[in-house]
Amino acid sequence: MDSRPREVDAPSEAADGAAVPPIAKVEVEVTKPRNDKRGYRRVVLPNALECLLISDPDTDKAAASMNVSVGYFCDPDGMEGLAHFLEHMLFYASEKYPIEDTYSKYIAEHGGSTNAFTTSEHTNFYFDVNNDCLDDALDRFAQFFIKPLMSPDATLREIKAVDSENQKNLLSDPWRMSQLQKHLCSNNHPYHKFSTGNWDTLEVKPKEKGLDTRVELINFYDSHYSANLMQLVVYGKESLDNIQTLVESKFCDIKNVGRKQFSFPGHPCSSKDLQILVKAVPIKQGHTLRVLLPITPNVRHYKEGPCRYVSHLIGHEGEGSLFYVLKKLGWAMSLESGEGDWSYEFSFFSVIIQLTDVGHEHMEDVVGLLFRYITLLQTSGTPKWIFDELLAICETGFHYRDKSPPINYVVNLSSNMQIFPPEDWLIASSVPSKFSPDAIQRVLNELTPDNVRIFWESKLFEGQTNSTEPWYGTSYCVEAVPPSTIQKWAEMAPNEDLHLPKPNIFIPTDLSLKKVEEKTSFPCMLRKTLFSRLWYKPDTLFFTPKVYIKMDFHCPVSHSSPESSVLTSVFTRLLMDYLNDYAYDAEVAGLYYAVMPNDTGFQVTIVGYNDKMATLLETVVGKIADFEVKVDRFSVIKETMAKGYENFKFQQPYQQAMYYCRLLLEEQTWPWDEELAALSNLEASDLENFLPRMLAKTFVECYFAGNIEPSEAKSVVQNIEGTLFNSSRSVCKSLPPSQHLTKRIVKLERGLRYYYPAMCLNHQDEKNSSLLHYIQIHQDDLKQNVLLQLLALVAKQPAFHQLRSVEQLGYITLLRQRNDSGVRGLQFIIQSTVKDPSYLDARVEAFLKMFEVTLHQMPDAEFKSNVNALIDMKLEKYKNIREESTFFWREISEGTLKFDRKEAGVAILRELKKEELIEFFDNHVKVGAPEKKTLSIQVYGGPHSSEYEKMLHDAPPPHSHRITDIFSFRRSRPLYGSFKGGAGQMKL
């Protein structure tokens, strides 16, 4: 596939026009999508801070993002990670708000979220918050850039947080391989640097040189954070004039120290860094081939979009493409191409191919075929019809882009402000509007064998390497690959029929909106038969030519054993595999589809433009009806899945804890090692025998929403029924109501604490341990739900502050709600290198005792503020058809059918008393509460193996029970009832 990130959103028509105060306003004609009612204004403050103000009368959330044109390229030599560390430190406190965590606490208590990230040349800080709190939120946010406080104590604590963040990444292949690519570049270019930082770079080495990290941090801030290097986006409900007044008052005190824009000329690669083949040993199973070629950055010619054109062709997956040929040969599982790391000064074009075991043996042929395809493109000219197709797809995508959450939108735009001129802040490089054969040819001419870096990753290289990358410890070796060698590979590669793609039949041409006869707020059941049920919801909010379709195939045999579960997964993957050659064009044109296993069988999803939806859906259903097992593709899918199972043990410890929790609580879930064992023994004939049995009892639950008329939805489902149930080729038969599957959840014992200790599956290498502390509370009940949501809102930030910021237990520290098929509770998740899970568990209990006092002493005004914040969150409007459909589909798929859940919750909140929240906490969450049901999952990393052994030998504490066997435990416990009954028989 073409691996360029797809733009998430961009706005539309500026509904401005009001008179504005005379301060530094600069009128600019901004290119916008067609149907947007938002207003936009560019303002430059007297301190040279450039701002984009956005007024959206329909928004429920306000948001802001500050992009600072300073990143890790600016790190001083010998203090790697300083820019990233500064990003962390600005969250602590300021001269105006000296109490630690004031900003984050305010945001969390007013329905918002906040975060930041550091890249090579910029650092981005952002938040969202309920509308009426923008003024106070901006006041706190602005202090990051005016007068932050960085106390010695906070500095030391946060170095530990950065170190914990780095520890989390040490066994992550994406981080390791990215750093290896940087390592094998010129030492004199900042691209070579280590960006995250750790205890060594931020504490030990500075001390050895007589440096005080806090002093260096303050100096870095004072010399680099200058208003003229910042770009601010503020998004609110108010008028542009009011937002401008707000911004001028809050941000005018940011100092402009007159810093020139940082620039880093030159390319990271000198001649010695090219024409190399790097063999590297990854953590996970699998073979990855990365072919990197330095090119002219696309951003210099973004209106022509040469890189987009080239990556569209090299990453294509239709007939005649490079991937099509590699797949047919059984050599590749996936292919991505596009611009990888880039700045204005340099860029790498990357082609990333996941190889099969056989493909690994044919690496030279794979590279040879890639360069043969590039030669084809270099010598075929640049057909304008391909550019015109791309332009049509990109223009449609821009003008009909879904509205996204304001927090995502402001980050996207503030990042664009650093790169593009004001008129292109919204459109950026998303629409290549000028056809330039010369620009395209220039990029193609840079993709040559004398300009290549090949990174080849496989566990098979263990023992064959001679070097180690210093930051992550990746083993590797480097070999020279002269152009003549690659030329020879191209000549020796199989003679396959590589050619340009055919015209794309899925590009939408009818973008008209259907008439909605009856405006309804909730889905209705349009049709019900023995074979299927159809829920329908017209688009009454978004007015875009898009649909959202879900079809759940309920097949009881699908998950009746580990073998059935694996065969269902193989079937869905093969189905996607068979569809790819034809349906890849649909995805390129903005019509997305997926076939995946789910709890009760498998699911078909289609989202995108409605124009060609029926064509795609009929093809998918036809493939199900006519499914045949191709032995060669079965083998590739089996190999892919086997590697996925084998790599399970390399998941982060907190992810392993989440897996154990699911295994303990959900009926009919199977352990990964049993599924791997089942997969190992499977042959293609097993799938051939299984499929008729699985489909012999099928019921299809359908949801159609968006720009589609009820008659069309009925007709499509009728045709599906005809194909699957009522034709000569039918494989499906109806599912009797008595055999409908339900997903039921284990009920924990009141007043008892269960705990399940386990060694991390990769404990030899894994330094992190993790805890998942789960408190099960109730099954779906509107009043209880609201109390739980309010408690989670009130406790979330104090938990993070105490366990992460103060105690520094680990970078990953969070408190959130858990919902297992309607059974709800709270869960704490902590991952730590410094403390073992038993200690972490004790600290969670200590926090709950501390929080008990906080809750009981909470002022009435603070309680009311939190209630209002939750009401605002519940009343937040859906931004697009996906958001709306996700909510309604969950109600349908879980059988609860509470389509007015949000409105009912608000009504309860308006009457809620503080005493009710305290009583809820005291009954269900408080340490020692009589109703409390707790499950503590403890995953021990290598450094804590002795604590694990001690845990196994110690007797359980009072009112505690150690789980020694997951499945004995699961069988011994009663289950919550299910809301889901047979067809049409649902408990409401």
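Sequential numbering from 1 along the given sequence is applied to the chain's residues.
Shown here are the side chain to side chain donor-acceptor pair (under 3.5 Å) partners of R804, two or more places apart in sequence or in another chain: E158. Partners of Y225 by side chain to side chain donor-acceptor pair (under 3.5 Å), not counting sequence neighbours: none found. Applying the side chain to side chain donor-acceptor pair (under 3.5 Å) criterion to S458, with sequence neighbours excluded, gives H287. With sequence neighbours excluded, no residue forms a ring pair (Phe, Tyr, Trp, His ring centres under 6.0 Å) with Y839. Taking the side chain to side chain contact (heavy atoms under 4.5 Å, CB included) definition, one finds that Q827 meets it with L772, Y774, R816, R818, I829, sequence neighbours left out. A search for side chain to side chain contact (heavy atoms under 4.5 Å, CB included) contacts involving S343 returns E121, E345, F346, not counting sequence neighbours. Every residue meeting the side chain to side chain donor-acceptor pair (under 3.5 Å) condition with K933, not counting sequence neighbours, appears here in chain and number order: Y976. The side chain to side chain contact (heavy atoms under 4.5 Å, CB included) test applied to D212 returns R214, V215, not counting sequence neighbours. A search for side chain to side chain contact (heavy atoms under 4.5 Å, CB included) contacts involving V478 returns L184, I276, V278, Y476, not counting sequence neighbours.
Judged purely by atom type and a 3.5 angstrom limit, R176 has no side-chain atom pairing as donor or acceptor with the backbone of P282.
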Donor-acceptor list for residues 939-949 side chains, cut-off 3.5 Å, not counting sequence neighbours:
| unit_1 | atom_1 | unit_2 | atom_2 | d |
| --- | --- | --- | --- | --- |
| Y940 | OH | Q938 | OE1 | 3.0 |
| H944 | ND1 | S769 | OG | 2.7 |
| S945 | OG | G942 | O | 3.2 |

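Residue pairs meeting the side-chain hydrogen bond (donor to acceptor under 3.5 Å, both in side chains) criterion with at least one partner in residues 644-655, sequence neighbours excluded, are Y645-E675, Q652-Q831. Under the side-chain hydrogen bond (donor to acceptor under 3.5 Å, both in side chains) criterion, no residue pair touches residues 460-473, with sequence neighbours excluded.
Put simply, the side chain of M79 reaches to within 4.5 Å of the side chain of T213, judged on heavy atoms.
Under 3.5 Å, the side chains of T833 and N768 contain no donor-acceptor pair of N or O atoms.
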